[in-house]
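Inspection log for the structure reproduced underneath, given as structure tokens.
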Amino acid sequence: MSETVPPHRYTPELAQQIELAWQDRWEAEGTFHTPNPTGSLAEGFDRVADRPKAFLMDMFPYPSGAGLHVGHPLGYLGTDVTSRFLRMDGHNVLHPMGYDAFGLPAEQYAVQTGQHPRVTTEANIAAISAQLRRLGVDHDRRRTFATIDPGYYKWTQWIFTQIFGAWFDDVAGKARPIDELVTELDAGREPAPGTLPEGRTWSDLDDVERRRVVDAHRLAYLNQAPVNWCPGLGTVLSNEEVTADGRSERGNFPVFRRPLTQWMMRITAYSERLLADLDRLDWSDSLKQMQRNWIGRSQGAKVRFGEVEVFTTRPDTLFGATYLVLAPEHPLVESLTAAAWPADVDPRWTGGAATPAEAIAAYQLQASRRSELDRQAEGREKTGVFTGSYATNPLTGRELPVFVADYVLTGYGTGAIMAVPGEDTRDFEFAEAFGLPVVRTVQPPEGFGGGAYTGTGPMINSSNEHVQLDGLDKAAAIAAVTDWLVEHGHGESTTTYKLRDWLFSRQRYWGEPFPVVYAVDGPDADLPVAVPAEQLPVLLPDVDDYSPKTFADDDATSAPEPPLSRATEWTTVTLDLGDGPREYRRETNTMPNWAGSCWYYLRYLDPSDDSHFVDPELEAYWMGPRGGGDVGGVDLYVGGVEHAVLHLLYARFWHKVLFDLGHVSSEEPFRRLVNQGYISAYAYTDARGFYVPAAEVVEKDGQFFFEGQPVNREYGKIGKSLKNMVTPDEMIGAYGADTFRVYEMSTGPLEQSRPWETKAVVGSQRLLQRIWRVVVEESTGEVRAADAEIATDTLKALHRAVDGVRDGMTTLRFNIAIARATELTNHLTQVYGQSGPVPRQVCEWLTLLVAPLAPHLAEELWSRLGHDGSSAWAPFPVADPAYLVDDTVQIAVQVNGKVKAQLDVPADADAAALEATALADPRIAELLAGKTVRKVVAVPGRLVNVVAN
RNA sequence: GCCCUCGUAGCCCAACCGGCAGAGGCAGGCCCCUUAAAAGGGUCCCAGUGUGGGUUCGAACCCCACCGAGGGCACCA
């Protein structure tokens with residue numbers, strides 16, 4: 001640094017010094033400690049008791065070894081600026097942060113190094129925590145925790161036992177304690193369909209049989225069903241964790257459908273509420289749409305073709321059904337498999353097998369072995385075999401062949417369809433391949449090219465002695481057919497959902513153990529029992545080998561083997577669960593990574609509470625509904641859109657269960673949610689296609705060079721692989737945290753994705769230097785604030801800036817707030833120059849305006865201006881509306897929509913006055929000479945438009 | 001294939017739910033300061049809103065079609 005730089009300029013070095021000092025002081029003074037109304041964190045509540053509350057959060061990070069890059073803080077800074085603004089503006093603000101610390105990367109690292117995942121995870125947490133502190137965020141660090149803390153996962157396990165201890169009462173439309181189910185069953189309530197053993201009744205079951213029936217009603221239940229088995233990871237996965245092309249989201253390994261006994265969560269019971277309550281949330285339309293699509297409600301009818309029940313959304317096309325299809329796993333496949341082929345069977349229908357049984361068995365085996373990926377790769381060529389049986393169309397009496405084909409999915413609807421090739425593309429393809437007839441029941445338009453017609457049109461070929469549909473439109477036809485089906489007992493109107501129950505077991509080490517044991521001996525052996533609350537947490541034991549047994553990626557027949565099953569000291573335990581000491585074995589699966597993030601927002605309210613998962617009084621204060629149908633929840637939740645259907649759906653589900661059971665007063669976890677944009681960065685490849693370090697690429701005349709050689713510019717995610725990693729630490733090292741904060745916030749609205757541009761950061765640095773210079777004389781270090789009159793135009797600029805900054809802060813458009821502060825600063829620099837007195841109010845308001853954005857700078861200036869307390873608690877300036885309006889305004893006068901003149905008029909001139917003034921203007925009069933004025937539109941304060949010809 | 005979001009100066013982005021297209025920043029030009037350079041200060045430059053229609057006195061904004069980018073879902077009956 002040259003000696004010509006003024007000694008008291010706001011340089012990066014000075015910024016660093018100021019920032020570190022204030023960060024220490026904030027910590028020492030507990031500046032950002034948020035008082036609770038009650039409990040262990042209640043100290044200081046008096047100070048904020050009359051303030052409205054505001055609970056703001058980010059989606060907490062997974063502590064990876066790579067630390068944070070410049071993309072991560074975008075959301076964190078967005079909530080931080082909002083939090084600081086709301087605190088100054090008179091709210092009691094809760095802005096906590098934690099760590100989502102169970103998960104695969106730490107476990108995989110442990111498998112490689114033999115180091116316990118807790119060790120690496122905690123080191124990573126410490127590193128990220130230091131990065132966050134250096135950014136100057138105002139988290140109440142007393143409330144920080146990680147999902148791996150036993151004091152936290154104790155309550156994750158407790159919530160599991162609550163879900164396990166509940167069932168969904170379809171009549172009441174809500175979850176209830178399982179004891180109440182037993183009482184009702186004893187009193188004669190019908191068990192849910194499929195839960196009773198064949199041909200039995202509740203009253204004649206023995207105790208163990210009854211337990212099985214009750215267990216089948218629970219919201220957390222064991223189920224043998226086809227699940228997503230991923231041999232490459234050695235674990236099963238939920239539907240949400242499998243990509244569209246049939247691979248694991250983590251690691252990109254093939255996934256196979258395989259029947260296994262696993263823990264499930266009955267999220268489907270909440271389909272309707274999860275869907276309906278979206279309308280009550282302040283979330284973006286696109287995010288709500290993603291959840292709606294995932295839940296996938298569709299309205300249709302069940303139709304019984306003899307014993308085969310199908311689901312269709314087009315009952316109007318029943319006359320066009322020419323065959324039926326069952327999913328390969330459908331329970332009726334076996335009984336519908338005929339002993340022999342009919343004499344004249346089409347050779348395409350038999351799969352080349354001698355008997356239907358052989359054909360079906362071969363087809364089922366093939367279907368089970370195919371991964372989802374294979375099904376895609378084969379281009380969706382329709383395959384299937386004939387069962388040899390026929391079913392009767394209830395409306396036409398026609399006999400329809402019954403096929404088995406994997407284009408019908410087992411988990412959706414009834415797992416069986418009526419195929420209408422005339423109006424369904426998939427059915428048409430199958431019909432073509434298998435030589436099945438096509439009957440059109442909807443009149444296609446002129447010139448229709450053939451194939452399935454899925455559009456609308458009048459019904460045809462659809463009348464008989466029972467029902468006459470011909471000529472009707474779709475809605476009327478659906479109503480007519482459905483009425484007939486219901487009346488004659490052949491079906492009913494119904495709603496189905498794409499959403500499936502949540503597969504909740506993982507064959508992993510680094511996750512929450514299930515609070516579940518199974519008796520080893522006795523009649524109730526292998527039935528699950530929840531570990532009592534007072535025995536929680538079930539601690540994760542240490543093991544020698546953290547790895548699940550993994551297999552060749554494509555070994556579809558392999559079976560999961562969880563790492564905890566090898567912790568033999570731990571797996572077997574003697575417990576007294578009420579009927580004396582007995583030997584039990586523990587559940588050896590662990591919970592999925594999503595469990596910990598399903599309720600962490602509640603734990604911030606008091607992470608040290610060892611007697612509740614959350615104190616109801618705190619939940620009511622921070623989360624409770626605000627009346628008028630409000631769902632309650634966190635006031636602002638910011639995070640990436642990638643969690644649209646995983647975390648956000650699971651957390652909503654858990655929250656609703658907790659609400660039904662009376663543990664929380666809010667119906668939804670997150671009242672308002674914003675997805676922050678991504679920061680991407682340019683990356684460069686050389687002639688060989690290898691990435692070169694982006695930081696060393698230079699631009700010259702629009703071309704890019706690395707070490708003198710031309711390189712190609714690409715655009716993508718920030719990270720090591722593209723060699724375009726930029727960290728907040730580097731930027732803070734070069735400019736200071738405040739400059740980094742202002743830069744990130746200035747590049748666009750929070751929701752918007754944007755490119756990172758290191759060379760543009762200097763603009764934010766210059767702004768902060770100018771702000772500093774307004775308050776501090778650069779050569780002497782003296783504060784320029786003085787008692788002086790403020791000129792009217794400056795007063796207006798000041799109030800206008802306050803108004804604009806407030807607008808930007810409340811709408812999360814921090815770029816607007818910064819632009820308004822920049823305008824003010826530029827105005828002040830012009831008026832007051834680089835030295836000399838500046839009115840005190842100007843200095844103070846400017847400081848407070850930027851305090852949420854550049855908090856360290858503001859603290860330093862605030863302190864130099866003579867204030868003892870933190871600027872974080874100073875009141876945010878309020879604009880006086882009187883200074884926001886001008887006496888006169890300039891309005892445009894248009895003739896036929898083209899601007900022809902500008903006029904100065906009183907700001908309060910009404911439409912009539914504007915019109916008179918405009919028409920009296922000589923230029924306008926000249927333009928209108930010889931024309932007839934047809935119409936005059938005058939908008940006060942805006943313009944006048946004269947329509948003439 | 002279906003659904004959603006978005007196209008405004010060389011770049012990032014504003015424009016008050018239809019009213020004069022430009023606030024702020026980056027880059028670039030010029031000037032001041034400086035022996036010089038950097039830093040700093042000042043000032044200037046550039047678009048008519050992806051394309052084509054429509055509605056309207058008036059459209060970046062509303063409607064239709066197309067083009068382009070990004071995202072979600074995808075054999076869901």
Side-chain angles (χ1 to χ4, degrees), chain A residues 1-2 4-6 9 11 244-245 284-294 296 298 300 310-314 317 325 375-376 380 382 405-409 411-420 423-427 429-430 496-500 641-642 644-645 675 678 699 702 742-743 746-749 751-757 759-767 769-770 773 778 804 807 813 815-823 825-826 829-830 833-834 890-902 934-939 941-948:
Chain A
M1 270 292 135
S2 155
T4 55
V5 172
R9 172 163 290 174
T11 59
D245 58 355
S284 72
D285 287 338
S286 62
L287 195 66
K288 288 183 183 181
Q289 199 57 40
M290 280 190 228
Q291 290 221 339
R292 285 193 195 105
N293 289 343
W294 192 262
S298 60
V310 307
F311 172 72
T312 178
T313 56
R314 296 292 303 274
T317 62
V325 186
R375 290 171 66 150
Q376 285 257 318
R380 295 181 185 168
K382 293 290 180 288
D406 67 1
Y407 84 91
V408 173
L409 307 175
Y412 184 76
T414 62
I417 62 156
M418 64 176 206
V420 186
E423 279 85 37
D424 185 282
T425 313
R426 297 151 299 181
D427 297 342
E429 287 166 7
F430 189 88
T496 63
Y497 302 86
K498 283 200 278 187
L499 185 67
R500 312 293 164 82
V641 71
E642 67 272 21
V645 289
N675 292 123
Y678 292 103
E699 182 182 354
V742 169
Y743 172 71
S746 71
T747 48
E751 296 95 323
Q752 188 139 344
S753 291
R754 61 204 77 176
W756 176 263
E757 208 180 348
K759 68 178 182 183
V761 178
V762 67
S764 301
Q765 163 84 10
R766 288 181 193 145
L767 170 64
Q769 282 181 342
R770 273 178 280 153
R773 193 150 44 222
E778 279 189 330
D807 180 47
R813 296 180 305 161
N815 54 322
I816 300 295
I818 292 166
R820 295 292 95 84
T822 307
E823 279 178 293
T825 306
N826 292 347
T829 301
Q830 214 155 36
Q834 309 218 10
Q890 195 175 56
I891 63 156
V893 182
Q894 300 177 333
V895 175
N896 293 333
K898 299 272 193 291
V899 178
K900 296 295 182 186
Q902 299 284 343
R934 302 288 174 192
K935 187 174 178 181
V936 179
V937 181
V939 184
R942 300 258 184 225
L943 54 57
V944 178
N945 187 14
V946 183
V947 186

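We use all heavy atoms of the structure for the numbers below, so side chains are in, but hydrogens, waters and symmetry mates are not. Letters A, B, ... mirror the listed sequences (proteins, then strands); counts begin at 1.
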Practice task
Determine the Euclidean distance between corresponding P atoms of B:G70 and B:C12; express it in Å to zero decimal places.
Solution key: 14 Å
Practice task
Considering only atom C1', compute the distance from B:C11 to B:G52 and round it to an integer number of Å.
Solution key: 28 Å
Practice task
Would you classify A:Arg770 as touching base, sugar-phosphate or nothing, given that sugar-phosphate means primed atoms plus P, OP1 and OP2, and contacts are heavy atoms under 4.0 Å?
Solution key: sugar-phosphate
Problem - N or O in side chain of A:Arg773 less than 4.0 angstrom from B:G41 OP1/OP2 - result: yes
Practice task
Search all heavy atoms of A:Arg500 against all heavy atoms of A:Lys498 and return the closest pair with its distance.
Solution key: NE-O, 3.0 Å
Exercise for the section: Flag yes if more than 12 heavy atoms outside A:Asp807 fall under 6.0 Å of its CG atom; otherwise flag no. Expected result: yes
Handout entry: Closest nucleotide among B:G40, B:C75, B:G25 to the A:Gln769 side chain
Key = B:G40
Handout entry: Distance in angstrom units between A:Ile816 CD1 and B:G25 C1', rounded
Key = 12 Å
Practice task
Name all residues meeting the side-chain contact (heavy atoms from CB on, under 4.5 Å) criterion together with A:Thr829; count only those two or more places apart in sequence or in a different chain, and write none if there are none.
Solution key: A:Arg770, A:Val774, A:Thr825
Fill in the blank from the handout: Of B:G19, B:G24, B:A27, the nucleotide closest to the side chain of A:Val939 is B:G19
Handout entry: Pairwise P distance for B:C45 and B:G50, with rounding to whole Å
Key = 24 Å
Problem - Pair of N/O donor and acceptor under 3.5 Å linking B:A23 base with A:Arg820 side chain - result: yes
Problem - Any N/O donor-acceptor pair, A:Lys498 side-chain to B:C73 base, under 3.5 Å - result: no
Problem - By salt bridge (Lys or Arg N to Asp or Glu O under 4.0 Å) - contacts of A:Glu642 (at least two apart) - result: none
Practice task
Considering only atom C1', compute the distance from B:C33 to B:U43 and round it to an integer number of Å.
Solution key: 15 Å
Fill in the blank from the handout: From OH of A:Tyr678 across to P of B:G71 the rounded distance in Å is 10 Å
Check nucleotides 2-12 of chain B against the protein and report each pair of N or O atoms closer than 3.5 Å, with its distance, or say if there are none.
from  : atom 1 : to       : atom 2 : distance (Å)
B:C12 : O2'    : A:Thr747 : O      : 3.1

Practice task
Answer with base, sugar-phosphate or nothing: what part of the nucleic acid does A:Asp807 contact at a heavy-atom distance below 4.0 Å?
Solution key: nothing
Problem - Shortest side-chain distance from A:Leu409, nucleotide among B:A77, B:G40, B:A23 - result: B:A77
Please enumerate all protein N or O atoms sitting under 3.5 Å from an N or O of nucleotides 55-61 of chain B, with distances to 0.1 Å.
from  : atom 1 : to       : atom 2 : distance (Å)
B:C57 : O2'    : A:Asn945 : ND2    : 3.1
B:C57 : O2     : A:Asn945 : ND2    : 2.5

Practice task
Using the P atom as the reference point in each nucleotide, state the distance between B:A15 and B:C62 in Å, no decimals.
Solution key: 14 Å
Practice task
Pull up the glycosidic torsion of B:G50 and say syn or anti, syn being anything within 90° of 0.
Solution key: anti
Handout entry: P gap between B:G58 and B:C3, integer Å
Key = 33 Å
Practice task
Identify which nucleotide among B:G24, B:A74, B:A77 has an atom closest to any side-chain atom of A:Asn826, counting heavy atoms from C-beta outward.
Solution key: B:G24
Problem - Closest to the A:Ala892 side chain, choosing from B:C20, B:A77, B:A27 - result: B:C20
Practice task
Please measure how far the P atom in B:G18 lies from the corresponding atom in B:C6, and state the result in whole Å.
Solution key: 16 Å
Completion exercise
So CZ of A:Arg773 and CD of A:Gln834: to nearest 0.5 Å the spacing works out to 5.0 Å
Practice task
May I ask you to say what A:Ile818 touches in the nucleic acid, namely base, sugar-phosphate or nothing, with a heavy-atom cut-off under 4.0 Å?
Solution key: nothing
Practice task
Quote, to the nearest angstrom, the P distance that separates B:C17 from B:G72.
Solution key: 31 Å
Exercise for the section: May I ask you to evaluate whether A:Tyr412 reaches the phosphate of B:A77, defined as a side-chain N or O under 4.0 Å from OP1 or OP2? Expected result: yes
Handout entry: Taking every non-hydrogen atom, the tightest pair across A:Arg754 and A:Pro749
Key = NH2-O, 2.6 Å
Exercise for the section: Give a yes or no on whether the backbone of A:Tyr678 and the side-chain of A:Ser753 come within a donor-acceptor separation of less than 3.5 Å. Expected result: yes
Exercise for the section: May I ask you to decide if A:Ala644's main-chain N or O and A:Gln291's side chain share a donor-acceptor pair within less than 3.5 Å? Expected result: yes
Exercise for the section: Report yes or no: do A:Arg292 and A:Gln289 form a side-chain donor-acceptor pair below 3.5 Å? Expected result: yes
Problem - side-chain contact (heavy atoms from CB on, under 4.5 Å) partners of A:Ala416, counting only residues at least two apart - result: A:Val308, A:Val310, A:Leu326, A:His330, A:Thr414
Practice task
Please state whether the phosphate of B:A15, meaning OP1 or OP2, lies under 4.0 angstrom from any side-chain nitrogen or oxygen of A:Arg813.
Solution key: yes
Problem - Those residues that, when tested against A:Tyr743, pass ring-ring contact (aromatic ring centres under 6.0 Å, His included) (two or more places apart) - result: A:Trp756
Completion exercise
Whichever of A:Thr313 and A:Thr822 has the more 5' nearest nucleotide on RNA chain B, that residue is A:Thr822
Problem - Gap between atoms CG and P, on A:Asp424 and B:G1 respectively (whole Å) - result: 17 Å
Completion exercise
The nucleotide from B:G19, B:C13, B:A15 with an atom nearest the side chain of A:Asn815 is B:C13
Problem - Nearest-neighbour nucleotide for the A:Gln830 side chain, B:G42, B:A27, B:G71 considered - result: B:G42
Problem - Main-chain N/O of A:Val937 paired with A:Asn945 side-chain donor or acceptor, under 3.5 Å - result: no
Practice task
Determine the contact category for A:Thr496: base if any of its heavy atoms lies under 4.0 Å from a base atom, sugar-phosphate if only primed atoms, P, OP1 or OP2 are that close, otherwise nothing.
Solution key: nothing
Exercise for the section: Describe the nucleic acid contact of A:Thr425 in one word from base, sugar-phosphate, nothing, applying a heavy-atom distance below 4.0 Å. Expected result: nothing
